[in-house]
Undergrad: 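Below are the structure tokens for one structure; questions will follow.
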Amino acid sequence: MSRYQAPKGTYDILPPESAWWRDARSVFDDLAEQFGYGFVITPMFEDTDVFARSVGADSEIVQKQMYTFTDKGGRSITLRPEATASVVRAVIQAGGVQGRFKGAYWGEMFRYERPQKGRNRQFIQAGVEYLGSESPEADVEVIEFGYRMLERLAVPRVEVRINSIGDPEDREVYREALGAFLREHYDELSEDSRRRVESNPMRVLDSKFDRDILEDAPVPLDYLGEEAARHFQAVRDGLSALGIPFVIHDKLVRGLDYYTRTVWEYIPTGYEAAQTSVGGGGRYDGLFELLGGKPTPAVGLAMGVDRILLASSVPDPGHALDVFVVVADESLRSEARILTSELRAGGLRIDMTDTQRSVKAQFKEADRSNARAAVVIGAEWTGNEVTIKDLDSGVQDVIAIKEIEGWLRVR
RNA sequence: GUGGCCGUAGCUCAGCUUGGUUAGAGCGCCUGGUUGUGGUCCAGGAGGUCGCGGGUUCAAAUCCCGUCGGCCACCCCA
């Protein structure tokens, strides 16, 4: 037990697990490039107002989950709990959207929460923001992006849940109807839900306790305006055309206040935990104005990379090294070092021990380091030769030093 | 923020109920059996402030209190 440990709700990533993170990052980078998204890198902290205004002052995130502090200049600063607000702020600051803007990001987010499976105080989110388009095709593309990402990261049995919460005008009418319904059944509701009837009635829909009562509750879909309804239909048609399976969840609402119309989540159905969503997104046509920009329609998603790892089947990493050099004659150690250096320069992944050890111990290390082959430097060196052994098959040959790379290529 | 479970070797855990000689196991690590050959087997070895602090006691890994941390759930969300 070490004296110092990573702060509560944070963790370190070391080999071999770190390899997955490197791979996941490159999968995401490739995908973003293929979908035509450029990278947006913003600060990890912002003026507190950026989040308070965008995410919603009454939201759970702002109420109790933000890492907020006052800096030495007396400014109220908050570590980002999510990235959309930052990206929108950055784009507004840079002059707003001319035509379309497609941006991708990957980075650490911070939320002060009680840690549990799939929930930490520092975690990685990767996402894309499709700005400047009101077309349902943009929604479809962004939904597809998340779906493909999960596909490539080997998350099995992903369910895409979609819903439309309508435009702000629709929602106002709906809120009334829902409020009336909830007040009618007030006595039957759980304590948590009762508390929210006035403060945030839409979140009651999500309650895990009141499913029976909510069975008959009005849902946002019944209150969509004509345009929002047409938009939602187009999104569904677009997804079907691409062969992306989805289910409509008429009680799906999301915790960030800025969403309008389409909202969705990705749920890996084969994975057991309380925190089931590995990603989600929505349209947020009102956010630019909220942050002082020109009205700009937009849609985006955020993927929880930590949760994707939990839900994915991690593949066998394969060989980590091409060659492990075994020094059988200690007087040739320096020659072995030089050979190692040369082979590395040629692009091979190669390692060796740094102190005298038995040949047996060196082979053991070669095996553990998951090398393809061992190259023995010993008596045969005088004839400009080495012994090379395939560590999977056990086959070994004595070959000229120059032939090492060729031997590996043929196998 | 609330609740439940847990914290003993690098890792996974036993021991704690009924306090008492040098705190154990498996895996991992090191060495040897094979004087140049791993992944199997056998033998030996290293490695522990029993999370931390306090209390009770002649005596605490074991009982009590506090604290820190972990896991799981509520809540919330990615």
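Every heavy atom of this structure was used, including side-chain atoms; hydrogens, water molecules and symmetry mates were not. Letters A, B, ... are given to chains in the order of the sequence lines, protein chains preceding strands, and every chain is numbered from 1.
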Undergrad: Just checking A:E380: base, sugar-phosphate only, or nothing, at a heavy-atom cut-off of under 4.0 Å?
TA: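 Here A:E380 touches the bases of the nucleic acid.
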Undergrad: Within the 4.0 Å heavy-atom criterion, would you say A:R203 contacts the bases, only the backbone, or no part of the nucleic acid?
TA: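 Sugar-phosphate: the residue A:R203, judged by heavy atoms under 4.0 Å, touches backbone atoms but no base.
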Undergrad: Ignoring the backbone of A:Q125, work out which of B:C74, B:G39, B:A78 is nearest its side chain.
TA: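 Comparing B:C74, B:G39, B:A78 against the side chain of A:Q125, the answer is B:A78.
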Undergrad: Between the protein and nucleotides 3-5 of chain B, are there any N/O to N/O pairs under 3.5 Å, and if so, what are the atom names and distances?
TA:
{"from": "B:G3", "atom 1": "O6", "to": "A:R114", "atom 2": "NH2", "distance (Å)": "3.2"}

Undergrad: Using only side-chain N and O atoms of A:R368, determine if any of them is under 4.0 Å from OP1 or OP2 of B:C30.
TA: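 Looking at the OP1 and OP2 atoms of B:C30, one of them is under 4.0 Å from a side-chain N or O of A:R368.
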Undergrad: In whole angstrom, what separates A:K8's NZ from B:G51's P?
TA: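 Taking atom P of B:G51 as the reference, NZ of A:K8 is at 18 Å.
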Undergrad: Between the base of B:G36 and the side chain of A:K360, is there a donor-acceptor distance below 3.5 Å?
TA: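 A donor-acceptor contact between them is absent.
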Undergrad: Does OP1 or OP2 of B:C75 have a side-chain N or O of A:R119 closer than 4.0 Å?
TA: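 So the side chain of A:R119 is outside the cut-off, no N or O lying under 4.0 Å from OP1 or OP2 of B:C75.
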Undergrad: If the condition is side chain to side chain contact (heavy atoms under 4.5 Å, CB included), which residues does A:P268 pass it with, not counting sequence neighbours?
TA: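 Result, side chain to side chain contact (heavy atoms under 4.5 Å, CB included) vs A:P268: A:V155, A:Y271, A:V278, A:A311.
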Undergrad: Strictly below 4.0 Å: does A:Q116 bring a side-chain N or O up to OP1 or OP2 of B:A73?
TA: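 True: A:Q116 side-chain N/O within range (under 4.0 Å) of B:A73 OP1/OP2.
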Undergrad: For the residue pair A:Y284 and A:Y259, categorise the inter-ring angle as parallel (less than 30°), tilted (30 to 60°) or perpendicular (more than 60°).
TA: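 Perpendicular.
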Undergrad: Enumerate the salt bridge (Lys or Arg N to Asp or Glu O under 4.0 Å) contacts for residues 136-150 of chain A, please, sequence neighbours excluded, ordered by first and then second residue.
TA: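 Sorted pair list: A:K102-A:E141, A:D139-A:R283, A:E144-A:R148, A:R148-A:E151.
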